[in-house]
Amino acid sequence: MSGTSSPGPGPAPDALELAALLCSRVCHDLISPVGAIVNGLEVLDDNPKPEDRDFALDLIRKSAKTASARLQFCRLAFGAAGSSGAQIDLGDAQNMAKGHIEDGKVTLSWNLPRLLLPKNRVKLLLNMLVIAQQTIPRGGTLTIDPVGEGEAMSFRITAAGLNARVPQNIVDLLNASSSNTVDAHAVQPHYTRLLADACGLKVTLALDGEKVIIAAS
């Protein structure tokens, strides 16, 4: 070990900045499918040939479905999702996660029971899934298992895919040891840590052989 000390964590955003950064993250997720819808409508406005019209309608249909799935997921993962102290059905969370994450490259193996959990625990789970997806950039399977039971349940996600990796910047953000300022790209793992803190948990990210384990305990 070298004698040099690592820099301390960068300044955390205040409540107003955190809200702005999360809004930027949601907008980033929606720009692509909404832009595709606009492109499809522009093709229709140009009195296209029948085959071009069919292509445009298919593009609009698929992009609208994607935008809707992302909106529903973001509402649950980042939004208020009910009043303080509200509970969320894990079955609803499963549907939102599948609609958002399963994209032909990534599939979910959901082994959680269907029950109501405090909303911050469900939000934590969905944000852990976003992080898990980033560990398998070439696609694969995310397996979600319960740790414990009842309202105290936490989660373990196993990410399996070609060249699965542990992004060090995400590990640093989860540990609050990043020296970089939290921006729109880093706000999601930062927010995951805040959710874990609110639940009295800590999220860890570690390589286990050729798989990556994301766990809250």
Side-chain angles (χ1 to χ4, degrees), residues 4-38 66-88 92-93 96-97 99-101 103 106 117-137 142 154-155 157 159 165-206 212 214-217:
T4 58
S5 59
S6 59
D14 60 21
L16 191 60
E17 182 67 10
L18 178 63
L21 290 171
L22 286 174
C23 286
S24 293
R25 168 64 194 241
V26 172
C27 291
H28 175 270
D29 286 349
L30 291 173
I31 283 173
S32 178
V34 171
I37 292 171
V38 173
T66 297
S68 176
R70 291 186 181 180
L71 268 174
Q72 292 180 61
F73 181 89
C74 289
R75 177 177 176 271
L76 207 58
F78 306 131
S83 61
S84 177
Q87 293 186 315
I88 296 174
D92 292 339
M96 302 301 177
H100 177 61
I101 291 177
D103 57 1
V106 177
L117 284 184
K119 71 173 184 178
N120 277 347
R121 284 186 180 261
V122 179
K123 289 159 69 72
L124 173 61
L125 168 62
L126 295 180
N127 278 273
M128 287 171 63
L129 282 170
V130 173
I131 290 173
Q133 188 178 18
Q134 296 177 63
T135 68
I136 46 172
L142 301 179
S154 58
F155 317 101
I157 302 172
R165 60 188 179 85
V166 175
Q168 187 58 46
N169 63 317
I170 293 181
V171 173
D172 291 342
L173 286 161
L174 290 174
N175 292 332
S177 59
S178 174
S179 60
N180 297 322
T181 301
V182 176
D183 57 16
H185 295 290
V187 69
Q188 191 274 325
H190 173 78
Y191 184 61
T192 303
R193 182 177 63 80
L194 296 180
L195 287 169
D197 288 346
C199 296
L201 299 169
K202 179 178 175 60
V203 176
T204 56
L205 188 63
V212 175
I214 303 93
S217 58

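- Residues I214 and L142 form no side-chain contact, since every pair of their non-hydrogen atoms from C-beta on lies 4.5 Å or further apart.
- V212 has its side chain out of reach of I136: every pair of non-hydrogen atoms, C-beta onward, lies at least 4.5 Å apart.
- Here Q87 contributes atom CD and N120 contributes atom CG; the two are 12.0 Å apart, rounded to the nearest 0.5 Å.
- Each of V182, L173, L22 was checked for a side-chain contact (heavy atoms from CB on, under 4.5 Å) with Y191, and the lone residue meeting it is L22.
- The CG atom of L124 sits 10.0 Å away from atom CG of D197, with the distance rounded to the nearest 0.5 Å.
- No side-chain heavy atom of M128 sits less than 4.5 Å from a side-chain heavy atom of L195.
- In this structure, SG on C199 lies 11.0 Å from CG on L194, to the nearest 0.5 angstrom.
- Distance alone, capped at 3.5 Å, places no donor-acceptor pair between the K123 side chain and the T192 backbone.
- The two residues P189 and L174 come nearest to each other via the heavy atoms O-CD2, 3.7 Å.
- Put simply, the side chain of H100 does not reach to within 4.5 Å of the side chain of L126, judged on heavy atoms.
- For the pair I170/Q134, a side-chain contact is recorded, criterion being any heavy-atom separation below 4.5 Å from C-beta on.
- Annotation: side chain of V130 is in contact with side chain of F73 (closest heavy-atom distance under 4.5 Å).
- With rounding to the nearest 0.5 angstrom, the NZ atom of K202 is 9.0 Å from the OG atom of S217.
- Between the side chain of N127 and the backbone N or O of A77, at least one donor-acceptor pair lies under 3.5 Å.
- L21 CG to L16 CG: the interatomic distance, rounded to the nearest 0.5 Å, is 10.0 Å.
- Considering only residues two or more places apart in sequence or on other chains, A69 meets the side-chain contact (heavy atoms from CB on, under 4.5 Å) condition with none of them.
- The ring pair (Phe, Tyr, Trp, His ring centres under 6.0 Å) check on F155 picks up nothing, with sequence neighbours excluded.
- Checking side-chain atoms of T135 against main-chain N and O of V166 turns up no donor-acceptor pair under 3.5 Å.
- The minimum heavy-atom distance linking L76 with A93 is given by the pair CD2-CA, 4.0 Å.
- Taking every heavy atom of both residues into account, A132 and A159 meet most closely at O-CB, 4.1 Å.
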Evaluation steps, side-chain contact (heavy atoms from CB on, under 4.5 Å), between I157 and I131: CA-CA 10 Å; I157 302 172; I131 290 173; over 6 Å; no

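- When side chains are defined from C-beta on, R70 does not count as touching R75, because their heavy atoms never get closer than 4.5 Å.
- The salt bridge (charged side-chain N to carboxylate O under 4.0 Å, His left out) analysis of residues 26-36, with sequence neighbours excluded, yields the pairs R25-D29.
- Residues Q133 and D103 form a side-chain contact, since some pair of their non-hydrogen atoms from C-beta on lies under 4.5 Å apart.
- Interatomic distance, I88 CD1 to D92 CG, rounded to the nearest 0.5 Å: 8.5 Å.
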